[in-house]
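Computed from a predicted structure; not experimentally measured.
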Amino acid sequence: MYGNGSGRFLPRDHKTTPSSTWETLYTHADTHGYSKFTHHHQRSCNAANNKERKKRPFVSQHHSVSFDSPPPVGSKHDLIANDLLSVLLPTNPLMHVWKFSFVLLLLFGLLLFLPAVAMVMTVYRNDEYHSSNATIGTILENTFLSSFFGVLPWWTVCGIASILWTYYYYSTTLCHWGKPWMDPKVFGVGRQDMHVPLRLFGSVQNARLAACRPDLASFSTGPLDKAPMDCHPRQLQQQHVVSNLTSNVWLLDPLPSWTFQLFSTVEQALKAVQQTKEAKSTMHNTCITNMPIPSNWMLHPHVDDIPIYTNQKYPFPCQPPVVPVDNPTGMYQLELNQHDPALWPTFWNSTCDDNKTNPVQYSLVLHGIESACFVYWNGTCLGYCQDSRLPSEFIVPSDTLWDSAGKGLLQLVVIRWSDGSYLEDQDHWWMAGIHRSVELIRRPSQADIMDYHVLADHHGHIRVSVSVRQSTNQVMLQQQRRTKVRVQLFQDEQLTADGSQYKMADAPLWTDTQTTVTEKSSVLEFQHVIPNSLTWTAETPHLYTLVLEQLDEDGKVLYQCESCRVGFRSVAIDHHHDNNDTDGGKAGILKVNGRPITVCGINRHEHDPDWGKVISLKRMMQEITILKQNNFNAIRTSHYPAHSSFYRLCDFYGMYVCDEANIETHGLKPMGRLAHDAGWESAMISRVTRMAQRDYNHACIILWSLGNEAGRGRSLIQARQRLLQLDTSRPICYESGGLWGEGTGRSELTDVVCPMYTSVPRLQELHQRIDEDRPIVLCEYSHSMNNSNGNLHLYWEKFWDPSFPRLQGGFIWDFKDQGLRKTTQNGRPFFAFGGDFGDVINDQQFCINGMFSPDLKPHPSVNEIKYLQQPVKITSQKGTKSLSLPVSLVTDGKASTPQFPATLLLENRYTFRDLTHLQWRWELCCSVSQHPIGSGSAEDDGERLVIDWSNFASHLLELEFKHTGVQYFLNVTASLKESSTWANAGHDVAKEQFIVTVAVDWAVEKTDQHVPIRNDVGHRVYVRETAHDLEVISTDVRNDPTIPFVVFSKLTGSMQSLCWDGEKEMLGRNGMAPNFTRATTDNDRGGLELVLEHVMLKWAQPAFFLSSGFQYFSHYMHWKQNGLTQDQPPHVVCDDMTYDQREHLVVVKAKCSARNVYGTIVLRLTTTYTICGRSGQIQVHCKVIPQKCLRNIPSLPRIGLSLELNPSLCHIRYLGRGPNECYPDRKTGSQLGIWTTSPSKMGYDYIVPSETGNRSDCQWVSFEDIDNGGSGILIATSHNETFEFSALLHTPDELNHARHTCDLDERKAGQHSIFVNIDHQLMGIGGDLSWFPCVYPEFLVKADHEYEYWLRLVPLSSRADLDNEVAVFANQIRHSLQ
């Protein structure tokens, strides 16, 4: 049933000749042909569009107008480079033989040629040759020996070289000739044609119910919750062996008789199969009996094999199509018993052979096996398959189904490495095994529907093509009976994703019937127009149920029934101006249902932290809902087709999908070597066409992808042409890798310009190119590697900008970190990455690049992207994020009401729905209170939102009357009125914050009402010097007036101690000191040196440095070269410390220099501390001057101070952006306000610890001991400045040296020192990509600037109303610091 995929397309009635050895199987490989239904469907499904054939709806100036003639591929340089390499470095067996023969002939030619040349030269130089008396015989006789011994060393060298070459090439390459797993032309022997999932339902009712069940598209098994890998499959599965709805499909996964054994080579496993057949015995005693199906065997604790992660390297010597001889191969074995109800559906027995001439057909379906597999049933080889991500189906001959004892033995020989592995180098874990379900399907002899395709557009047109085979029922053939195929369309409503709740329609919207003859295969065509049909989009995913019935001639007996969900949806690219269109006549726009869309997308790998590549239905539902909740509307199935159930869920929830073929050859240089090799053409075509044949009917798929980073060769052009023959209703996209002239996302292979990791300036330039007329959708952007995703707001400013209509969004890389859960010896869990399993060839943490953790915990950057992708833009009437609130006069200190309510403008960014499903609420907050001034709901008319805050005007004006410089923040939020399929009612969809300026005319004189500040510190202060310190002492410190309350180091110029009351030390042992370094992020380390290391050219770094300097090298390398890393931070030395002492005031001035590890002064800084005796406040004024030696580095890590605080000061409040982590280039989604947190909550547990926990645009922060009435310390800056800050329980040095989170000891707030950074300037984190510097200029800390900033440290003591008084006090402090 499922496609043969060999690119050879076996005929539907093809039966594999029974064979017990793979050699015989190999000789029966069909090598030609193409599915007749494919051609017929292409002709029939598009009958209404014949005129568009020659001029497809996606054709741009970059494509050949002729449908049949492929456009040229690549540049001359591209073709020449790859064609030459195909000879020098062959990638298929035939070229290997040609190369071997040529080199061998060359060597043997040299063996013969060198002696002849030497003799000629010797004769020519012989004096006798020039003598008239000499004869030829004399000359040869005299010169033979000398010439022979002269040539002998060269002859010997050539002879030895010939022998060594022959031995090497034969032993490494030619000896593998004829092995299917090392032959790119053999990848699907005995495999049936691919088709949409067929379930052979027994009734229309079952078919309709099953259409709403995504798990029944192909059984979606796997663990529903975390479970140990070594537990029995029966403990994991919660599905029946045979579903009540799909009585003809038997799920084999949960059967208890599965066994597994691992062999070191393929030959050993095949030999074991043969021995099993001959000896009639089962597997060896060492086999594993509790291997879950599906699973990846290297995650099982008792299997001696490991997972391997690489980004682009192949984990074995790269010599296509050869793979290592030591090739882990697993043999799965399942024993069935016809007489045991636990091992065979007993109700199948009654009809398993109802008529000797009409046997029931059984087929085995393997939904996903990596990377290649031989299939045996009772010792007979059914076939061989590759392509790890698509189903393979094999017919089980009726005469081999049972042996004489009524038993059946299924054996699957799963090979880890095959030539198919060269096409699956996809920046993911290499893990072999059965990672999707195994099914046995029973097809009655009368059931003849073999495939069907549905095409429904947004105008209500629906076309159905049904492929019906020639009947295998001999009685029907002899009597020349006819059968009927009936099509019905129901408006059934699926209420829940799992299909457990539904609402069935009473009658079909459309019914049609056609008659077919049984003597031959045919394709039936049905067409209709559904009036007032509801369209499918990601915003409005309306679906219908299509049911196909095969009936007898009288229409009374049901032979077969199939069903699927159908969405009325069209996809088009408009390359022509049309002033009447909905987008204003702009050309080159990707449209769904005639309207331009914005792709809020993300790339998704199939990954589970505990089960590897096995994804349960529950996990799929979690993934899609969490993406919908964060305003994503599109998924790219990078870089292979997903599980069939996943597409059903995307249909249901509403998620656009770019369906990508299982092709990537990233590890080859150039990447297009296989795409240019004719020997790989069939394999590539197969992977593309089989994907489309399986997934054609899904409305969610709006783009096909030919694969990823595989060059731009002839094979891909042919694959594109074959895909166009299958479907012209969807555009094709493809990004080829961009190396060696292989093109980027702008090649002629793609209908959509889909580059990856293009910077915002280059993206803008791309849009403005006059030679480009295609829509632009980034197939990958914003590389989410640990603490990353800076600059996102710059991308979305362009995506939403109407002046850039062809910039239509993109897919972030990627969805979640691909870490695998492990535990340390002491039981602490952590997520492992490349190299953590003993894998020598690996790319370390490059798989840790998601916006969510492996267990779906969102990174802080998710808050940013949710805001940027929100479907509603909210602005003031002036189009800004600020509001001005005029207020009437105030008399006698009483506040009147505002003159009018606030009105905001709404821009609906939804494409297909209005805003009536949203409800609005608002809060008015201020900088002197942690609690809102007022809040309420608001009403909108779709374009305007009116906020009536008149009831809270009095409170607002009282604050204005009492305080100076109060800041007001209006927070507006849109949420769901009612629960949807992906979120509950009240879920926030959009938000915006406005800075409110209150303009008040006062009728009375306004005076500030200061909060009384308790003076517990003292009055008079004086200085006491020691050899190394300078101490400031107050006469009124409790207990002992001689105890200093602040101490400065004369060696470093830093503050060493701060004890306002003489009892409680505020600072830890590291005190407060200047700080210029940070824990390195992965983006900080991204640069040319990383790229050179990946391509094994690390030795070439000096050459690149001499040619281009350090321009393209990482920030970390710049810092390392100049002594600014966390490993080797600059050492601050106090060059001079002076003080000025007054009665109530002490001014300490420290002039310091920061020297790197090489002794060079890199920064000079002057810090002035002003200590007030009356209040205890300390004003800090810092001036930092980078020296000339730093002028060539792009950016400093930071300019600021670091503090170690007392553990008790763990209650943190601040006025700044929150509540989540944010950075200068990733803060637009964070709102200003007064936030409360603690050191244990500020940071994020990135899998690879790094810089974390920052908060931006802060005006003040307090650290309080709430167990001691709120005593603590307040740090504030002046009213016109802000700072960045973080407070963690680990030092930056500890974060920098930790490889995993488990390398950091567990600490609790209140029990460990707090490590605080207060930064005047902090470099952004970047995020465009992680292998080159990507922090934009506006977020750099330039080394050619001088920096100056002020801070004030203020003691906090117990207060009655701590919450508000700290905020009021901080407001006063800021405005007193000028």
What residues form a side-chain hydrogen bond (donor to acceptor under 3.5 Å, both in side chains) with D914, not counting sequence neighbours? T916
Determine whether the side chains of D215 and S645 contain a donor N or O and an acceptor N or O closer than 3.5 Å. no
Rounded to the nearest 0.5 Å, what's the gap from CG on L245 to OG on S203? Could you check? 8.0 Å
Answer whether the closest heavy-atom distance between the side chains of W982 and I624 falls below 4.5 Å. no
Donor-acceptor side-chain pairing of E549 and Q488 below 3.5 angstrom: yes
Donor-acceptor contact below 3.5 Å, side chain R648 vs main chain R213: yes
Counting only N and O atoms by type, is there a donor-acceptor contact under 3.5 Å from the side chain of Q494 to the main-chain atoms of A497? yes
S465 versus L524: any side-chain heavy-atom pair under 4.5 Å? no
Decide yes or no for C600 and R909: does some side-chain heavy atom of the first lie under 4.5 Å from some side-chain heavy atom of the second? no
Do L726 and T689 pass the side-chain contact (heavy atoms from CB on, under 4.5 Å) test, and can you show the C-alpha distance, the side-chain angles, and the key distance before you say yes or no? CA-CA 8 Å; L726 282 170; T689 56; 3.7 Å; yes
Heavy-atom side-chain proximity of S979 to L976 below 4.5 angstrom: no
Would you call D448-R443 a salt bridge at under 4.0 Å N-O? no
Those residues that, when tested against H542, pass side-chain hydrogen bond (donor to acceptor under 3.5 Å, both in side chains) (two or more places apart): none
Taking the side chain from R694 and the backbone from V196, do they hold a donor-acceptor pair closer than 3.5 Å? no
Kindly indicate whether the side chain of L703, heavy atoms from C-beta on, has any atom under 4.5 Å from the side chain of I732. no
Dump the intermediate steps for side-chain contact (heavy atoms from CB on, under 4.5 Å) on C564 and V454, then the final yes or no. CA-CA 9 Å; C564 70; V454 184; 4.3 Å; yes
In terms of side-chain heavy atoms, does T246 have a donor or acceptor partner in R199 at a distance below 3.5 Å? no
Side-chain contact test, heavy atoms from C-beta onward, threshold under 4.5 Å: evaluate it for D387 versus R690 and give yes or no. yes
Partner set under salt bridge (charged side-chain N to carboxylate O under 4.0 Å, His left out) for R565, not counting sequence neighbours: none
Between D512 and V487 (side chain of the first, backbone of the second, donor and acceptor by atom type, cut-off under 3.5 Å), is there such a pair? no
Please round to the nearest 0.5 Å and tell me the distance separating atom CG of D457 and atom CD1 of I462. 9.5 Å
Are R389 and N662 close enough that a side-chain donor and a side-chain acceptor fall under 3.5 Å? no
Using side-chain contact (heavy atoms from CB on, under 4.5 Å), reason through Q205 and L209 one step at a time and then give a plain yes or no. CA-CA 6 Å; Q205 182 68 12; L209 293 175; 4.0 Å; yes
Check ion pair E606-R436 (N to O, under 4.0 angstrom): yes
Y910 and H917: side-chain donor and acceptor closer than 3.5 Å? yes
NZ/NE/NH1/NH2 to OD/OE distance under 4.0 Å, K484 and D552: no
Counting N and O atoms only, with roles assigned by atom type, does the side chain of W536 sit under 3.5 Å from a partner on the main chain of D651, one being a donor and the other an acceptor? yes
Name all residues meeting the side-chain hydrogen bond (donor to acceptor under 3.5 Å, both in side chains) criterion together with H987; count only those two or more places apart in sequence or in a different chain, and write none if there are none. none
List the steps and the verdict of side-chain contact (heavy atoms from CB on, under 4.5 Å) for E525 and V464. CA-CA 6 Å; E525 300 294 335; V464 182; over 6 Å; no
For ring pair (Phe, Tyr, Trp, His ring centres under 6.0 Å), just list the numbers for F568 and H458, CA-CA rounded to whole Å, side-chain angles, deciding distance to a tenth of an Å, and then say yes or no. CA-CA 5 Å; F568 287 83; H458 71 291; over 10 Å; no
Taking salt bridge (charged side-chain N to carboxylate O under 4.0 Å, His left out) as the test, write out the residues that go with E660, two or more places apart. R636
Tell me, do V438 and H367 make a side-chain contact under 4.5 Å, heavy atoms counted? no
Is the terminal nitrogen or CZ of R208 (NZ for Lys, CZ for Arg) located under 6.0 angstrom from the six-membered ring centre of F490 and within 45° of that ring's axis? yes
Looking only at side-chain N and O atoms, does T516 offer a donor or acceptor that is under 3.5 Å from a partner on T483? no
Centres of the W348 and Y362 rings: under 6.0 Å? yes
State whether a side-chain donor-acceptor pair under 3.5 Å links E562 with Q560. yes
Partners meeting side-chain hydrogen bond (donor to acceptor under 3.5 Å, both in side chains) with T911 (sequence neighbours left out): none
Is it true that Q808 and T598 share a donor-acceptor pair across their side chains at a distance under 3.5 Å? no
In the structure I gave you, are the side-chain heavy atoms of N697 and Y452 within less than 4.5 Å of one another anywhere? yes
